[in-house]
Amino acid sequence: MRLKDKNALITGGAQGIGKAIALGMAKEGANIGIADVNIENAENTALEVRTSGVKSIAVKLDVSRQDNVSNTFQTFVKELGALDILVNNAGITRDTVLLRMKEEDWDAVLNVNLKGSFLCSKEAVKIMAKQRSGKIISISSVVAFIGNPGQANYSSSKAALIGLTKTIAKEYASRGIRANAIAPGFIQTAMTDALTDEVKGEMKRAIPLGQFGTPEDVANIVIFLASNESDYITGQVIHVNGGMYM
Ligand code: NAP
């Protein structure tokens, strides 16, 4: 029980990696807030989380909207008490090559992946600074480091998220807040199911361990970063990619 009685808010926690994080943290004893645009899925996930015997609430949240974000953090604190862990996990893709990428494709991805993490981190820091403790974990991507054709918007948002993480780590270390990022490689979820078999085959060949990762591979590292075991780690990026980038 590495997270016993801790309270964690996970954005985009209704499915995929976020859901695995929610279920994994609950098994370690944390109470969980699932904040997602898809409230129906979020409620189902919260129900599943409660089978571990912890508290769990679902909140409808669009991370790119300031009003939504403030309401979500207020509801979370009212229902669960303190906020010990924030996982900035909500993310979207709008893939196409640079010359075809519309301004709205750029804005949509940056608004969710980067601005959303900025807005949520700011609300979290307000609460955590008063407590003098807290962990902020942001889900970046291997493409922040290596780029990816068709993902100018996505790779830029994930690279900037690392700058945001390091800055929060420096600004609020003195208040007991740790901020770290995880850069997953290819993880099997709805996001990657959308790719063609040809692209998937190409990606698999680029992974030395020869297989795609699972949402649980990422969740295990989030749990470590959320726990006291990682208290001397801040401003870091942990790569979870089967050796795809070293
Ligand atoms: P996913 O299966 O698409 O799940 C993302 C969740 O976030 C969905 O429930 C989605 O709801 C929700 N969401 C989307 N926009 C939102 C918003 N504005 N506010 C709140 N919630 C929102 O994706 P995933 O594969 O689990 O990815 C999770 C995170 O890991 C993302 O940040 C992604 O970029 C990152 N990542 C994934 C991989 C991978 O290979 N899968 C690799 C590296 C990094 P809807 O479904 O209703 O839109």
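Each ligand, and each atom within it, is numbered from 1 in the order the structure gives. Just so you know, residue 1 is the first one in the sequence shown, and it goes up from there. What you see is a predicted model; the values in this text were computed from it and never measured.
- A distance-only check finds a donor-acceptor pair linking the side chain of D217 to the backbone of T214 [under 3.5 Å].
- Closest heavy-atom approach to atom 19 (N) of ligand 1 among the candidates V69, L161, V63, I187: V63.
- Under 4.0 Å from ligand 1, the heavy atoms of S140 that appear belong solely to its backbone.
- Listed by number with element, the atoms of ligand 1 under 4.0 Å from a non-hydrogen atom of T192 are 39 (C), 40 (O), 41 (N).
- Applying the 4.0 Å criterion to heavy atoms of G91 picks out, from ligand 1, the atoms 31 (C), 32 (O).
- Without hydrogens or angle criteria, S155 side chain to N148 main chain gives no donor-acceptor distance under 3.5 Å.
- At under 3.5 Å, a nitrogen or oxygen of Q15, whether backbone or side chain, sits near a nitrogen or oxygen of ligand 1.
- In this structure, G13 falls outside the shell of residues with a heavy atom less than 4.0 angstrom from ligand 1.
- Not a single N or O atom of P184, backbone or side chain, sits closer than 3.5 Å to an N or O atom of ligand 1.
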Item to complete: Please test I137 against I221 for side-chain contact (heavy atoms from CB on, under 4.5 Å), starting from the C-alpha separation and ending with a verdict.
Response: CA-CA 10 Å; I137 301 151; I221 308 305; over 6 Å; no
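- Counting heavy atoms closer than 4.0 Å to ligand 1, residue D62 contributes atoms from both its backbone and its side chain.
- Contacts between K158 and ligand 1, counted as non-hydrogen atom pairs separated by less than 4.0 Å, involve the side chain only.
- Ring geometry, H239 versus Y245: the interplanar angle falls from 30° to 60°, so the pair is classed tilted.
- Interface atoms of ligand 1 facing A90, defined by a heavy-atom separation under 4.0 Å, are 20 (C), 21 (N), 22 (C), 32 (O).
- Remark: minimum distance from atom 33 (C) of ligand 1 to any protein heavy atom is reached at Y154 OH, 3.4 Å.
- Contact record, M101 with G150: CE-O, 4.1 Å, taken as the closest heavy-atom pair.
- Listed for the K19 side chain is no donor-acceptor partner under 3.5 Å among the backbone atoms of G13.
- Between A35 and ligand 1, a contact under 3.5 Å exists for no N or O pair.
- Of the possible polar contacts, none joining the K27 side chain to the S52 backbone as a donor-acceptor pair under 3.5 Å is found.
- N153 places a side-chain N or O within donor-acceptor distance of the main-chain N or O of D105, the cut-off being under 3.5 Å.
- Formation of a donor-acceptor pair under 3.5 Å by the N89 side chain with backbone atoms of T11 is found in this model.
- Put simply, no part of N41 is less than 4.0 Å from ligand 1, judged by heavy atoms.
- Among protein heavy atoms, atom 7 (O) of ligand 1 sits closest to G12 CA, 3.3 Å.
- Of the heavy atoms in T189, only side-chain atoms (C-beta onward) come closer than 4.0 Å to ligand 1.
- Looking at T93, its side chain never comes within 3.5 Å of a backbone N or O of D95 through a donor-acceptor pair.
- Between the side chain of S70 and the main chain of Q66, a donor-acceptor pair closer than 3.5 Å is present.
- Using a 4.0 Å cut-off to heavy atoms of N38, the atoms of ligand 1 that qualify are 47 (O).
- F212 meets the ring-ring contact (aromatic ring centres under 6.0 Å, His included) test with F186; sequence neighbours excluded.
- We find that K55 and D5 are not joined by a salt bridge, their nearest charged nitrogen and carboxylate oxygen being 4.0 Å or further apart.
- One option in V143, V37, N241 has a heavy atom closer to atom 21 (N) of ligand 1 than any other, and that option is V37.
- For the ligand labelled ligand 1, residue F212 lies outside the 4.0 Å heavy-atom shell.
- Distance alone, capped at 3.5 Å, is enough to place a donor-acceptor pair between the N113 side chain and the I92 backbone.
- Every atom of ligand 1 is numbered from 1 in the order shown, and the set under 4.0 Å from a heavy atom of S141 is 43 (C), 44 (C).
- By the 4.0 Å heavy-atom criterion, I139 is counted among the residues contacting ligand 1.
- At under 3.5 Å, not a single nitrogen or oxygen of N113, backbone or side chain, sits near a nitrogen or oxygen of ligand 1.
- Looking at atom 11 (O) of ligand 1, its nearest protein heavy atom turns out to be D36 OD1, 3.2 Å.
- For the residue pair V69 and L119, the shortest heavy atom distance occurs at CG1-O, 3.8 Å.
- For atom 26 (O) of ligand 1, the closest non-hydrogen atom on the protein side is I17 N, 2.8 Å.
- Close approach of ligand 1 to F186 is summarised as follows: ligand atoms under 4.0 Å from at least one heavy atom of the residue are 40 (O).
- Scanning all protein heavy atoms for the shortest distance to atom 42 (C) of ligand 1 gives G185 O, 3.0 Å.
- The shortest N or O to N or O distance between A14 and ligand 1 is not below 3.5 Å.
- A side-chain hydrogen bond (donor to acceptor under 3.5 Å, both in side chains) check over residues 166-188, counting only residues at least two apart or in different chains, returns nothing.
- Ionic pairing of K126 and E123 is present here: one or more N-O contacts between side-chain nitrogen and carboxylate oxygen are shorter than 4.0 angstrom.
- Near I92, meaning under 4.0 Å from one of its heavy atoms, ligand 1 places the atoms 14 (C), 15 (N).
- With a 4.0 Å heavy-atom cut-off, ligand 1 is reached by the backbone of L61 but not by any atom from C-beta on.
- The N/O atoms of N89, backbone and side chain alike, include one that comes under 3.5 Å of an N/O atom in ligand 1.
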